[in-house]
**Q** 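Take this structure, written in structure tokens, and hold onto it; I'll ask about it next.
Chain letters run A, B, ... following the sequence lines, proteins first and then strands; every chain starts at 1. No experiment lies behind these values; they were computed from the predicted model shown.
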Amino acid sequence: MSEPRSTSEPRDEFELIREAKRGSNVALDRLFRRYGSRLLGLIRLRMGPSLRRRLESQDVLQSTMIKAFERLEQFEGAGETSLMGWLGAIARNEIRDQAKFHGRGARDAGCDVPLEVMVGAAAEPLRSEVSRIHLHDQARRLEAAIEALEEPHREMILLRRFEELSFPQIGRLLGKSPDACRMLYGRAMAALTVRLSDGGELGAR
Amino acid sequence: MSRARELFERWVEARVVDGRTLDLDTLAAGDATTRRELAHLIAGFRAVDEALPSPSALDEEPRRPPPSLERYTVLELLGEGGMGEVWAAEQVTPIRRPVALKVIKKGLDTAQVMLRFESERQALAAMDHPAIAKVFDAGVTDDGRPYFAMERVDGEAITVGCDRLGLSIRERLELFVKVCDGVQHAHQKGIIHRDLKPSNILVRDEGGILQPRIIDFGIAKAVSADLASDATLTQLGQVVGTPAYMSPEQADLENLDVDTRSDVYSLGVLLFELLVGVRPFAESPLARLARTDEEPPTPSSKISSLGDVAQGLAQSRGADVSTIRRLLKGELDWVALKALHPDRSQRYDSPARLAEDLRRTFRDEPVLAGPPGAAYQVRKFISRHRVGVGVGGALVLAIAIAVGGLAHGLDRALEAEQRALAESRLSQEVADFLADLFERSDPKAERGESMSVRQLLDRGARRISEELADQPLVQARLLLTMARSYRGLGDYAEARALHERAVEILQREEPESLELAQASHDLAETLIVSGALDAGEASAVESLELRRRLLPEQSLPMSESYNQLGMLRWRQGRLEEALEMQQKALDIKEQLLGPADGSIAKLLNNVAILRWEAGDLAGARELMERGLAIFERDLGPRHPHVASNLNNLGLVADRDQDYASSVVYHRRALAIREEILDSLHPDIAESLNNLGVSLMRSDELDEARRVLERAVEIRLEVLGESHVETASSLGNLGQLLGRLGEAESGRGLVERARSVFSSTLGPDHHYLAFVHLWLAELDDGEGDLDGAARHLQRCREIRQQQLGDDNPLLFDCVAPLADVLRRRGEPADADEIRTLEALAAEFAHGD
């Protein structure tokens, strides 16, 4: 507390997660405000329109957040990646698992996402928080445009902008050089711009 | 693929891959259609970049993109500062020439900046002097930022150049005199620089002789007094002037505007720095105003105070410390002090005068500056004899004001020569009187004892009436000074008596003067703080009316009058009028001084509190954050004002249901207060109480309990059981105990609070609504839904009656009441529940 200015900064995300785990609704609320809609946007894009018809993106968001809570210690040890990158990786697995699960045609209401493993205190508020997150119109238009991109372009924008990975990190993930990723990212941004400009989505701002 | 698309991809690639921004015109190569399409796509890229979630790949860019402008080819980034960036560029049409482009950072109202620049354009064009870099042009970049194109000067900051070349004191003075000549030339053309500092005064080596070039003329004015967003707020010190070089009147609330003498002051700081190697003051003028007993040091004494550092500084001036000290002592000291005089009427009235005096030292002629006069000696005397630091400071302030021209407004608008003469005679008489008063031998002083401030004042007041009966204006002025000092000491009766005498004299002698307006204003202030609101109102209105006749609406005294009336309305409980008045006061000051001026912080706070009371929480918070930033900048992070501001922010955040922020604000306020106040100070209890409540709302119940118990402890000790604040803390703690499962003890505390509220505030006061709220929660916790519903109903009734139907506090009982009724599940309540829920939704939406 010796430096008042620094304490006014938004609280550190580790601390928020820890507090949320201890049952602080305030911290949970903060976390959701900070990451919820971005993560939802990412999940929807990763799922794509066809999977979205079979699977509720909000369910995936919820289970991703729950997994993240459980595995907090892993993230603190992981060091390099961003929290969004880490959440993005969990979300990818979650989408894959749930797609398989639903792919088997199981629609048994009793076999929903494993909420039970959730740390008791946070489970209930978490459910209600998830239902509050929705995408704005602008995000919807952006989503449609990103979805219409070629796969490598879309992936680039997801990794760079949604998961906040650096070009060297993306390079390692995709087995490409950072410069190649940078180049690809540039083309992706150009393509996205053209797509939105053609649709008249980007009028005078 | 179209030509524009192809070019656009090249543009994006250059930008993303190697952080370069290709020039639009070069790419389009004269094809207007392509250029238009390309510009559209580039704008689209920026929009997409902003719309995507994370803060953009541009973070990784090795450098910022150059602005793209018609008529210029942008070459490279020369530097970045608080105001924006400076780029080397080449003007292409109508003539080819190298220019420096100053691109102002985002956040200013571009149209306003251009407007102010245009108003000076003619004068700027008329400037023609070897020491002045010309400003050629101004305009707006593609992304809407104002830019200025000026002569490109390849040079270094004057202080850097002098040190690098190891210039002697004499050589530095000769260079400085050239700077003065340049500034003088600009003043003659009607241009004030407003931001003179070493980085705006570049030097070049021209055939072995350093030549100065002053840059940025006309720019500070264009960008000052304007700020559209908070983002640039913290940098404002850099934008509108650099605090270390800024004259006190730029921070002083009593002055109408900045004139050429403000540049003289900045030159004084520069002179000091060239001579000594450090600036006279370490901190901003505002921080200095808070400690008025601080005189500017003389250059020679400053260098003596620097210890080991002085050695190196002397070396870069080609001499040892004692030689430098000898060179500076006496005339150069006096010249520097005169240039740096806090009162501009005592400064050199032009850069030319300053330069002349320095040239006299070259010729070993006596300087005009001379040793410090009576006023200086009086202040020195007082600072030697002052009693308690705080009180002494107040007195010194009062005296300094008297000497320096007490009648702040003294009609600068008229500024007739005669008036100025009379004024200076008046000041001199006041100064003489004070000097005499304080220096006349005093038996106690001779015995080595210091008199108390009170004794000094009493003696002064007595002599004013005895000895000055035939000099009414001097008498009035001194009476006002004394009155302020008495007010500072808390003796309102004496202060009022002296103020009234001063007003009487001025009504007789100078009935249509700003001086009378000021005296009435001061009298009103004294009346208001002493609680005589009706009499205060009469005086305040009188002052306002008089000022309105003599001054334009947009003037600082008018702002002061509005402020005063606003505070009065506030105390009278007329909040809407209070807000209107305070807002007017704020608008004027922002207009005249800019939105981050130190003197507007309190107004920001006042308007914020009034908006908050009117239910505009977001607006309140924004203003308070601005006020906080100013206070922290000017007063340091541990000042009581900073703590009060944080406390208010905590309360607003709490009301806004942002409890996490509220806790943080209150913790910060508490930490400051614990550090600077006595451990039993009521303000500490206030912070503890507020922190406790926010912690409770954040469900941090254990800590909340510890904190609230300390609040109760201090308040019981300091304020006693029957104080409203003690009762509030008791009630809050009672509510908390209920949540912790100790309903019975909780109820006991709440009942104690209830009896204090109803006996001290009366049975209908809206504070009793809190009691019902607390009791409702206790009942609810014990499963008594009927009791809870009853108390919530009562709470709602009280608040509706006392606060009106639209007060946000109603939400606190409406929403829980709906909840309790729903849980009670009586079919008869269904309509009521619907009504309540609609109301609650309305409140929530209104936020």
Side-chain angles (χ1 to χ4, degrees), chain A residues 1-11 16 19 22-27 29-30 35 37-39 41-42 82 84 121 136 138-139 141-142 145-146 157 160-167 179-180 182-198 201-205, chain B residues 1-2 4-6 8-19 37 40-57 59-60 625 628-629 632 637-638 642-643 646 649 657-665 667-672 674-675 694 697-700:
Chain A
M1 294 301 284
S2 64
E3 199 57 63
R5 211 173 254 288
S6 65
T7 57
S8 76
E9 296 299 315
R11 257 185 290 178
L16 280 178
E19 279 180 27
R22 279 202 301 272
S24 159
N25 293 348
V26 181
D29 186 53
R30 260 283 161 86
Y35 297 106
S37 54
R38 265 155 72 187
L39 190 56
L42 177 65
S82 67
M84 271 309 289
H136 298 296
Q138 189 196 34
R141 284 201 297 276
L142 199 57
I146 295 174
I157 285 178
R160 178 70 197 112
R161 299 307 290 266
F162 285 77
E163 299 195 17
E164 298 177 11
L165 299 183
S166 68
F167 287 116
D179 276 351
R182 215 182 268 266
M183 190 91 78
L184 190 55
Y185 168 73
R187 291 208 199 100
M189 285 292 286
L192 182 59
T193 304
V194 168
R195 196 163 285 282
L196 285 163
S197 302
D198 284 353
E201 303 284 4
L202 298 161
R205 286 167 55 91
Chain B
M1 198 192 295
S2 79
R5 284 271 292 275
E6 237 170 77
F8 173 61
E9 290 198 350
R10 268 172 60 197
W11 186 91
V12 173
E13 190 182 304
R15 175 139 173 169
V16 171
V17 176
D18 42 40
E37 285 174 22
H40 177 68
L41 284 168
I42 290 172
F45 175 88
R46 294 212 171 92
V48 170
D49 194 52
E50 250 175 62
L52 281 168
S54 56
S56 148
D59 304 347
E60 293 185 36
E625 287 281 5
L628 179 65
E632 286 190 325
R638 271 176 262 312
V642 173
L646 284 165
L649 271 165
Q657 300 177 32
D658 179 2
Y659 303 126
S661 304
S662 173
V663 165
V664 173
Y665 287 132
R667 277 194 210 282
R668 288 172 61 192
L670 179 62
I672 296 171
E674 283 182 329
E675 197 176 324
S694 295
R697 301 207 170 133
S698 307
D699 284 325
E700 311 274 357

**Q** Looking at every non-hydrogen atom in both residues, tell me the closest pair between B:Phe45 and A:Thr193 and how far apart they are.
**A** N-CG2, 3.3 Å
**Q** Once rounded to the nearest 0.5 Å, what's the spacing between atom CD of B:Glu13 and atom CZ of A:Arg187?
**A** 6.0 Å
**Q** Please classify the contact of A:Leu42 with chain B as side chain, backbone, both or neither, using a heavy-atom distance under 4.5 Å.
**A** neither
**Q** Donor-acceptor pair, distance only, cut-off 3.5 Å: does the side chain of A:Arg161 make one with the backbone of B:Asp49?
**A** yes
**Q** Between A:Gly186 and B:Val12, which heavy-atom pair has the shortest distance, and what is it?
**A** O-CG1, 3.3 Å
**Q** Is any side-chain heavy atom of B:Leu52 closer than 4.5 Å to a side-chain heavy atom of A:Phe162?
**A** yes
